[in-house]
Amino acid sequence: MSDNHTNHGGGSVVRANLARRKPRSFVSNVLAVAYKEANVLRHDRALLFTVLAQPIVILFLFGMALSNKPANVPWVVLDQSNSAQSRRLLEEIESTGYFLPRQTAWSRADGRLRLQRGEALAFLIIPKSFRRDMERSRPRVQLLVDGSDPLSAARVALYVNQVAARSAPPRDPGERALPAVASAGVVDMRQRFWFNPTLLDRNFFLAALAGQLLTNLCMSVTAGGLVLEREMGTFEQMLALPTTALEIVLGKVLPYVGVAYAVFFFSMFGAGLLFNIWPKGGWLPLIVVTLPFVVSSLGLGVFVSTLAHTSAQSVFITTFFIMPSFVLSGILMPYQLMPHGIREFGGIFPLRWYQIALRRVVTRGAGLDEIGVPLLVLAALVVIILLATRWRMKPRLG
Amino acid sequence: MNWRRLRTLVRREVLATLRDPFTVTMLIAVPMIALMLFGFVLSTEVKDLSLGVIDASETPASRRLVAELAANGTFRPQRYDTRDALEIAMVAGDIGAAIIIPPDFDRDLRVSSGRAEGATVQVIYDGAEVVLAGNAEGYLQALVANTVATMSAEDGVRPSRVGVEVASRSLFNPKLDGKPFMIAGTFGFVLSFLTVLITAVSIVTERLTGTFEQLQVTPATGVEILLGKILPLGAVFAFDVVLMVTVAGFVFGVWPQGSMLFFIVVSSFYVLVSLSIGLIISATSTTTGEAVQKSVLFSVPLVQLSGFAFAIRNMPRPVQWLSEIFPATHYIRVSRAIYMRGAGPIDLAPELALLVLFGVVLMVVALRRIEART
């Protein structure tokens, strides 16, 4: 691939002309490049594949398949008491719906073995003295959980605790109510989940669906973007045109913006029609904030392709960028729980701010004024990334 | 199959790679990044979460409750005056949860003849952040209950034991540390997603630049040419496994509870499985872009459904069966079993047999596909 030193003579003439240009030709140049790019896109099988297939796959995954809420939890019980009270406790636990029908252990060792083998996630041991303890108001049970998956383990322990705490010792009909002093010191916590009363995982994931899809779209930009052009030689052809680096970058990015908005609406309508997840804050804030996000993400894709010499390389580099972007953005795993330095570092990725804005508008119903901060940051990122790309491309375009 | 020819082809590949360090650097750097990312990311520990507080009681008891919540840095209380102010703050994402203490909190806490309920507080979570809310719930409940119990005990009031007390303990990972879980899963992620992607792209690129055709005029068969390309790739990934195990150990302090050698052997075999999948994808793609899209489209569900980040048992039954079809699911199960529960070959025999079966089938299909093309 020849470098651009051969064009020196012609280049300086072109540059002199460029210095006299008016702003109107800037726009028309950008549109010209965009038009050419759009025509290329129409024939890009890979892109069409992504645009249509991915939203459907991800809608399915996050709408129906994936969840953090424990379900079908296998558990094993060693009921040494075998009394009406212990059986009632076990039934109450099962009636929460999170657990599978319980397995029975022969001994402590047997129960532990099942945990070891991964056949059960929790092992509940009810001591022989359970019934007597109940009558004396001091009932106690032991719970062993498989801590391999800490999220599930914590949730399961929490559920068992909740059921057990509610399980009041049964009172004889003839017995008088215990004196009030004995019940002092108990606090009743009324809990509510705002914006998502049933704490559905699906609402969390699908609110940010557009963010996922649009980020994936970037991959196709780099794999088939500037780098492919450079390999095929059409890039050199573009250099002969009187366009500047900035015009080329913007022109290349523009058709993808159109595609991105199509994907955006497709995913929002998909989530809405299938799962009734509509933006509570209205469409306008979303449409507005999507623009700087898409431009910055695409710009990032173009920037990445300037770092690579072959399209294979650009795929690798893109993975390099997209993986951290995905993980640290908080789109699937909460960024608020990440260690401090890493939390802030994740703020350089456009996806972080986009998913914040998405969740704010879709689930919490924020309006345009309430997403000011993400908007500003995204706009700033656009400027930075475009400048970096232009700087990177300058030596190449002479 | 002529082994000498194969050896020559492998040598060619290695030399070519050594001249272009970019690919190998990427092949090593990207898994390292994945390891770092996932190792630091998953946490169930709530720290420094902004908590909105409306204290309508303003008594020593309520103030003490708020202080305890802030005590070891779990929550960062911020005072608000009205529910509306709370709502605005929550929408803006300034607070992740809120607690409202009613005016008669102090009184209810002590004695109230005839009242069996005790005090009431209202806790509100940001339902938009489901995972965060779930974690915050556990912490908040525990902290409030403990604080109230302590306060009552100090006042000489014996709290009644309403309900059954559960003494919980966690086997394997008593501190409920997320790191071993994620790190063991990261091997699955890297060896599934990245391996497939990079293999597919490399083969397609090679085909596009025409060097495959050049090799075809040599006496080497199509299979040999491919193996000459694949085996060095596989070797790099196997080296990646060793590197990741070492880095995970030294940087995160996470070593496999079971046999390291066993783990590396199993992982290397799984590399072959992924290589085969990458080969199959490359055989059906004409451009690099297409190879990328197909790899991503295939790998995303694979990774999500394999139990890497989301527990399989939480999925609906039919989806669970679907996930059993992916080799990645079984590998991640094996990986976690070895890392966290110290399982050995006998414990894992059924899963291993399945993996071997998958591997053989996929390799045969891949080689057939390649032969058909070339």
Side-chain angles (χ1 to χ4, degrees), chain A residues 46 49-50 53 61 65-68 71-72 115 137-145 147-150 152 154 157-158 161 164-165 167 180-196 199 201 204 223-224 311-312 315-316 319 327 333-334 336-337 342 359 363-364 366, chain B residues 22 26 30 37 40-41 43-44 91-92 110-111 113 116-125 127-128 130-132 138 144 148 152 157 159-173 176 178 181 201 205 288-290 292-293 297 301 304 310-311 313-315 319 336 340-341:
Chain A
F49 203 48
T50 319
L61 279 177
L66 302 174
S67 164
N68 276 316
N72 304 314
L115 280 185
S137 290
R138 274 201 313 248
R140 218 162 171 270
V141 296
Q142 196 184 7
L143 181 70
L144 282 173
V145 289
S148 311
D149 176 1
S152 294
L158 183 68
N161 264 289
S167 172
V181 70
S183 66
V186 165
V187 66
D188 178 17
M189 280 198 288
R190 307 270 169 81
Q191 303 197 118
R192 290 258 295 283
F193 297 97
W194 273 356
F195 316 121
N196 182 6
L199 208 61
D201 272 315
F204 177 65
S311 47
V315 170
F316 296 173
T319 327
V327 174
M333 306 180 197
Q336 298 94 331
L337 295 183
I342 297 182
R359 294 212 159 100
T363 318
R364 301 198 203 112
Chain B
F22 179 86
M26 276 294 132
V30 176
L37 277 179
F40 281 120
V41 146
S43 172
T44 50
V91 169
R110 299 179 183 291
V111 148
S113 51
E117 312 172 351
T120 310
V121 298
Q122 190 172 30
V123 184
I124 303 170
Y125 302 96
V130 171
V131 182
L132 189 59
V144 171
V148 167
S152 311
V157 174
S160 80
R161 254 308 172 245
V162 173
V164 180
E165 182 188 322
V166 180
S168 319
R169 209 160 56 89
S170 154
L171 275 185
F172 325 120
N173 191 15
L176 286 189
F181 180 71
V201 168
T205 321
T288 331
E290 210 181 313
V292 170
Q293 293 320 318
L297 195 67
Q304 301 286 33
F310 300 100
R313 69 172 63 86
N314 298 350
M315 304 174 194
V319 180
R336 288 207 169 118
M340 306 199 68
R341 300 202 299 265

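Naming convention: chains lettered A, B, ... in sequence-line order (proteins, then strands); numbering from 1 in each chain.
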Residues in side-chain hydrogen bond (donor to acceptor under 3.5 Å, both in side chains) contact with A:Thr363, at least two apart in sequence or another chain: none

Minimum-distance pair of heavy atoms, taken over all atoms of A:Arg364 and B:Ala92: NH1-C, 4.5 Å

Where A:Ala366 and B:Val91 come nearest, the two heavy atoms and their spacing: CB-CG1, 3.7 Å

side-chain hydrogen bond (donor to acceptor under 3.5 Å, both in side chains) partners for A:Asn72, two or more places apart: none

Part of A:Leu144 within contact of chain B (heavy atom distance under 4.5 Å): both

Contact class of B:Val319 relative to chain A, heavy atoms under 4.5 angstrom: side chain

Smallest separation among heavy atoms of A:Asn196 and B:Ala128, with atom names: CB-N, 4.3 Å

Heavy-atom proximity to chain A below 4.5 Å, by part of B:Arg336: neither

Side-chain (B:Asn314) to main-chain (A:Ala71) donor-acceptor, under 3.5 angstrom: yes

Segment of A:Leu115 engaging chain B (4.5 angstrom heavy-atom cut-off): both

Contact leader toward chain B among A:Ile342, A:Leu158, A:Val327, where contacts are heavy-atom pairs under 4.5 Å: A:Val327

Per-residue contact mode, B:Met315 against chain A (heavy atom under 4.5 angstrom): both

